Amino acid sequence: MIELEGVPELIDPVMVAAFEGWNDAGDAASGAVAHLDREWKGEVFAALDAEDYYDFQVNRPTVWLDNGVRKIIWPTTRLSVVRIGGAKPRDLVLVRGIEPSMRWRSFCNELLGFAHELGVEMVVILGALLGDTPHTRPVPVSGVTSDADLARTMDLEETKYEGPTGIVGVLQEACTHAGVPAVSLWAAVPHYVSQPPNPKATLALLNRLEDLIDIRIPLGELPEDARAWQLGVDQLAAEDSEVAEYVQTLEEARDTADLPEASGDAIAREFERYLRRRDPSAGAEPGDGSYLRDTSSGLTRPPRRKAEPSGEEAQPPVAPPEEPGDSPETPGAPETPEA
């Protein structure tokens, strides 16, 4: 670990992490952490040594000019701290980086060592996967954990995933073995419009994070960006009858799957969020960080068939595989993510 700045004593800290790469469809997860860092004016205080974890032929450094002087930015993972003001202030330790190329166990142990030093109470890892979900409906976000007690007390799913995993799954299990409460939040991104950015999926992850750790996140222009993104995809889909028909198939499957909970917990959560945002005393004010020193969307054509797609068949051949999960019970539903 390369420490860049000193860190003060933190208040009820929660570590929120996201990694670019296999676990970050549409850059939704890394975009969420970047939004937190930007809105609360976080300052980087530490970074992992890039030489230890990255293959520079896979993740190449970039060169830039600073007042005529050439400098190199190395691909790595950086940490920052932001303080959430309000009636109940607390700190977030933000971890934003790239999935490492090697030494994953050492990578996780180094992050957990720093979490222990800072007194982190819980680790929340954000991820995004490609799924059979229509862009016209709310983005499904699943919360999963390997801790049975945590699943019960926080209304989360206890993961039963088996199969290939990414750094999100490895860090989740490392937290479990270290006795650190850990949760993974997964957003399902429509596989037929997987190009980044996806502000709608980023917004969904932030809303779920609000509910999970009981904070209010300033959203800035993100809701408007999400609406603009959906309108843009609507226009592209309308220009291709095959894509439009496929989206309608996904909508019908999604609506059928959502009917049982349309009048239950989902509505209650949205109403609670609405009340929280109307009450200034319930929310957190953006910190000033002083205590520390459009892209267009493209569409992937659906398979040429009329039948309802299954989770596996609907994956685009050009996209890298995202975290697979258990077989969905409802046709067209996104796969259940692993922890």
Side-chain angles (χ1 to χ4, degrees), residues 1-5 7 10 13-50 52-54 58-62 64 73-84 91-101 104 107-115 117-118 120 122-129 166-172 174-175 180 182-187 189 196-199 201-206 208-210 212-213 215 217-220 222 286-287 289 292:
M1 176 74 69
I2 303 174
E3 295 188 23
L4 305 181
E5 296 286 349
V7 183
L10 303 184
V14 172
M15 179 177 281
V16 181
F19 303 95
E20 300 174 17
W22 202 55
N23 300 134
D24 192 25
D27 289 354
S30 59
V33 173
H35 178 88
L36 296 173
D37 197 59
R38 182 171 57 251
E39 289 295 323
W40 276 312
K41 299 179 176 61
E43 295 184 13
V44 174
F45 67 88
L48 275 66
D49 191 341
D52 291 341
Y53 304 113
Y54 294 96
V58 176
N59 297 294
R60 292 186 178 273
T62 56
W64 65 292
I73 299 177
W74 297 94
T76 188
T77 294
R78 296 177 173 86
L79 293 87
S80 59
V81 171
V82 298
R83 176 153 294 171
I84 306 171
D91 294 311
L92 297 183
V93 179
L94 303 180
V95 179
R96 183 184 175 201
I98 306 169
E99 183 176 67
S101 305
W104 284 21
F107 179 88
C108 293
N109 288 337
E110 192 163 357
L111 287 179
L112 285 173
F114 209 77
E117 182 180 342
L118 293 173
V120 166
M122 182 169 68
V123 175
V124 181
I125 316 166
L126 307 182
L129 50 80
I167 192 60
V168 172
V170 174
L171 181 56
Q172 169 93 44
C175 289
V180 179
V183 176
S184 297
L185 300 181
W186 290 90
V189 172
N198 189 319
T202 293
L203 180 61
L205 281 170
L206 292 175
R208 188 70 172 87
L209 181 64
E210 279 189 324
L212 183 71
I213 60 177
I215 61 172
I217 298 172
L219 298 178
L222 194 55
L292 277 178

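Being a predicted model, the structure only gives us computed values, none of them experimental. Throughout, numbering of the chain's residues begins at 1 and tracks the sequence.
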Specify whether Phe107 and Tyr53 have parallel, tilted or perpendicular ring planes, treating 30° as the upper limit for parallel and 60° as the lower limit for perpendicular. perpendicular
Distance col, row Asp52:CG vs Thr77:OG1, nearest 0.5 angstrom, shows 11.5 Å
Measure the shortest side-chain to side-chain distance between Val95 and Val33 over non-hydrogen atoms and say whether it is less than 4.5 angstrom. no
Side-chain donor or acceptor of Asp27 paired with backbone N/O of Pro196 under 3.5 Å: no
Roughly how far, to the nearest 0.5 Å, is CG of Asp37 from CZ of Arg78? 11.0 Å
At their closest point, which heavy atom of Met15 faces which heavy atom of Ala115, and how far apart are they? CE-CB, 3.7 Å
Rounded to the nearest 0.5 Å, what separates atom CD in Glu20 from atom CD1 in Ile167? 13.5 Å
For residues Gly166 and Trp22, report the shortest heavy-atom separation together with the two atoms involved. N-CZ3, 3.5 Å
Nearest heavy atoms of Leu48 and Thr76, plus distance in Å: O-OG1, 2.6 Å
Quick one: pull up CZ in Arg96 and CG in Leu79 and give me the separation to the nearest 0.5 Å. 12.5 Å
Are the side chains of Trp40 and Ile217 in touch, meaning some heavy atoms are under 4.5 Å apart? yes
Taking only residues two or more places apart in sequence, or in another chain, which ones meet Asn59 in a side-chain contact (heavy atoms from CB on, under 4.5 Å)? Tyr54, Pro75, Ile98, Ser101
With side chains defined as the heavy atoms from C-beta onward, is the minimum distance between Ile215 and Val14 less than 4.5 Å? no
Under 4.5 Å between any side-chain heavy atoms of Cys175 and Leu171, yes or no? yes
Using every non-hydrogen atom in the two residues, find where Val189 and Ala201 come nearest and quote the distance to one decimal. CG2-CB, 4.0 Å
Side chain to side chain contact (heavy atoms under 4.5 Å, CB included) partner of Val16, the single match among Val82, Leu126, Val93: Leu126
Search all heavy atoms of Ala46 against all heavy atoms of Val44 and return the closest pair with its distance. O-CG1, 3.5 Å
Nearest 0.5 Å, what's the CH2-CD1 distance between Trp186 and Ile125? 9.0 Å
Between OG1 of Thr202 and CG of Leu36, what distance do you get to the nearest 0.5 Å? 10.0 Å
Mark yes or no for whether Gln172, through its side chain, and Ala182, through its backbone, hold a donor-acceptor pair below 3.5 Å. yes
Do Leu92 and Ile213 touch side chain to side chain, with heavy atoms closer than 4.5 Å? yes
Minimum heavy-atom distance Ala18-Ala29, with the two atoms named: CB-O, 3.4 Å
